[in-house]
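These notes are about the structure you will find just below.
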Amino acid sequence: MPESTTTGPGPTSPGAATENATIRPFHVSVPEAELEDLRARIAATRWPEKETVDDLSQGVPLATIQKVARYWHDEYDWRKCEARLNAYPQFVTEIDGLDIHFVHVRSKHEDALPLVVCHGWPGSFIEQMKIVDLLTDPTAHGASASDAFHVVIPNMPGYGFSGKPTTTGWDPIHIARAWVELMKRLGYTQFVAAGGDWGGIVVDVMAAEPAPPELIGIHSTFAGVFPAEIENAIATHGELPPDLSADERLAVDRLAAAYQYAGQAEMGWHPQSLFGLADSPVALAAWIVDHDPVSYKTLIAPAFVDGVEGGLTRDDLLDNITLFWLTNTGVSASRIYWEHKATWAGVRGVSIPVAVSNFPDDVVYSPRSWAEQAYPNLIHFNDVDRGGHFAAWEQPELYASELRDGLRSLR
């Protein structure tokens, strides 16, 4: 392993004929000129007129995104984020011709369980950084040494400091295979995986039969539990069974609402048309802020509009948005929606142990009745009392507790 490698934002695939399996240290170092350009672009934003409604039916209100831009330009400091990231060991390695960036922190407890944590959109490895210390050093956070994990957090292809695919084919199945290769390359002969959003889909397909022998269990906040006929009825506005339980009806309503998000539809249809995400930082911020109505109301509006920072702070949100901007990954990150042609929330044939946690403000919900059918080896199921779609980011202590409880029986 080289002694050091300093890499700025936006590495690309080396395109070498023979794959380089070397694991190279990585250090975040953004040139000051790029931060000055960001501020200049924010200041030069050409604003549209105010929306013609008093609700969110037309998208992010002008006043909200102007407050985001004002704070981003006047007060936000990327260097604080950069310093926090560089406090953790980061690396890059080439898998299937693409550079993959990841954080790898080994616990001081030698019997720790290796864990790969998978993010979604519009996330990045930043989304999970708050749980690293909680999982690797549990005794410092009120838990037992027997709950320790060795933690690996990779950036998906086209996200953050990972390379951007130049060919098609990097769908969740390909990503799942790459994460297995990454864990094996790090010397782990047995490991578990956890994720939400796209990360939940990745760990589900990773665990689908035939599961790799190294993978001994998964944890998900975005579980694949929907019976095929129900998911199809939601997608096609067809007739649903009349005897759904209250929990099953909640699951249907959540997924139906998620299918209506126009942003995800555009990324699945024509991601390359989203040139504004590469040209305008404010366009990128608005696109990410408009992720889903619940996250907007419970996390974003309180922080930027009301001045009340709850699960996420203004800096939390802008750390992630700024990473997208500096690495120019708004478009490349969107392509996974185009790549994915399979089920979003359906059963995938997983027989290894599975733990499921439902966070109340998430955009999806997994009823126990369907989880038990989808996962014959369901080892943990819990409806937690707070938190939303970005569980590890919003409620790191609670999410870490769910991982400990959900995967404890696999140690």
Side-chain angles (χ1 to χ4, degrees), residues 5 7-24 26 90-103 116-125 127 152-186 193 195 197-208 210 212 215 263-279 284 287-288 323-344 348:
T5 298
T7 309
T12 58
S13 171
T18 302
E19 181 150 299
N20 179 6
T22 302
I23 296 173
R24 296 116 58 195
F26 182 95
Q90 301 172 61
F91 305 89
V92 172
T93 192
E94 182 185 338
I95 299 177
D96 292 348
L98 198 70
D99 272 354
I100 298 298
H101 166 263
F102 62 98
V103 169
V116 56
V117 187
C118 311
H119 69 82
W121 183 92
S124 65
F125 78 116
E127 188 183 334
V152 179
I153 308 173
N155 266 313
M156 288 197 297
Y159 286 71
F161 299 116
S162 284
K164 301 173 186 177
T166 57
T167 60
T168 61
W170 278 96
D171 62 1
I173 295 174
H174 193 166
I175 295 170
R177 291 199 305 264
W179 290 178
V180 173
E181 170 59 27
L182 174 61
M183 295 300 281
K184 291 165 63 176
R185 191 172 294 182
L186 293 173
D197 194 87
W198 281 111
I201 295 176
V202 167
V203 301
D204 229 26
V205 299
M206 187 190 303
L215 182 64
Q264 282 85 327
E266 179 66 15
M267 290 186 288
W269 183 47
H270 279 171
Q272 193 62 31
S273 296
L274 300 173
F275 289 96
L277 305 186
D279 184 62
L284 176 68
W287 189 256
I288 291 176
L323 178 65
F324 268 81
W325 175 259
L326 294 173
T327 55
N328 191 14
T329 48
V331 172
S332 60
S334 301
R335 292 196 185 105
I336 190 171
Y337 285 87
W338 184 91
E339 290 282 358
H340 184 63
K341 310 300 183 187
T343 176
W344 286 89
R348 297 184 177 89

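Numbers here simply count residues along the sequence, with the first being 1.
Proximity of Trp198 to Cys118: side-chain heavy atoms (C-beta onward) are nowhere separated by under 4.5 Å. Put simply, the side chain of Gln272 reaches to within 4.5 Å of the side chain of Val331, judged on heavy atoms. Side-chain atoms of Val116 and Phe102, non-hydrogen and from C-beta on, never get closer than 4.5 Å to each other. Contact of the Leu186 side chain with the Phe91 side chain is not registered, since no non-hydrogen atoms from C-beta on lie closer than 4.5 Å. In this structure, Asp171 and Lys341 have side chains that are not in contact, with every pair of non-hydrogen atoms separated by 4.5 Å or more. The shortest distance between side-chain heavy atoms of Arg348 and Ile201 falls below 4.5 Å. A 4.5 Å side-chain heavy-atom check between Lys164 and Thr329 finds at least one atom pair inside the cut-off. Proximity of Ile336 to Ile175: side-chain heavy atoms (C-beta onward) are separated by under 4.5 Å at one or more points.
In this structure, CD on Gln90 lies 7.0 Å from CZ on Phe161, to the nearest 0.5 angstrom. In this structure, His101 NE2 and Thr327 OG1 are separated by 10.5 Å, a value rounded to the nearest 0.5 Å. How far CD of Glu181 is from CD1 of Ile95: 5.5 Å, rounded to the nearest 0.5 Å. Here the CE-CZ distance, from Met156 to Arg335, works out to 13.5 Å after rounding to the nearest 0.5 Å. Interatomic distance, Trp269 CH2 to Ser334 OG, rounded to the nearest 0.5 Å: 14.5 Å. The CG atom of Asp99 lies 4.5 Å from the CZ atom of Arg24; values are rounded to the nearest 0.5 Å.
For the residue pair Asn20 and Arg185, the shortest heavy atom distance occurs at O-NH1, 4.2 Å. For the pair Met206 and Ala193, the tightest heavy-atom approach, listed with the atom from each and the gap, is SD-CB, 4.0 Å. Closest approach of Ala21 to Thr93, counting heavy atoms only: O-OG1, 3.4 Å. When all heavy atoms of Asn155 and Ser162 are compared, the closest pair comes out as O-OG, 2.7 Å. Across every non-hydrogen atom of Leu182 and Val152, the tightest pair is CD2-CG1, 3.9 Å. Nearest heavy atom pair, residue Trp179 against residue Pro154, reads CE2-CG, 3.5 Å.
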*With ring pair (Phe, Tyr, Trp, His ring centres under 6.0 Å) as the test, would you mind laying out the steps for Trp121 and Tyr159 before giving the verdict?*
CA-CA 9 Å; Trp121 183 92; Tyr159 286 71; 8.3 Å; no

*Just do the side chain to side chain contact (heavy atoms under 4.5 Å, CB included) check on Glu266 and Trp287 with the steps written out, would you?*
CA-CA 11 Å; Glu266 179 66 15; Trp287 189 256; 4.2 Å; yes

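Atom CD1 of Ile173 has 12 or fewer heavy atoms from other residues, nucleotides or ligands within 6.0 Å.
A side chain to side chain contact (heavy atoms under 4.5 Å, CB included) with His340 is found for one member of Trp338, Trp344, Tyr337 and no other, namely Trp344.
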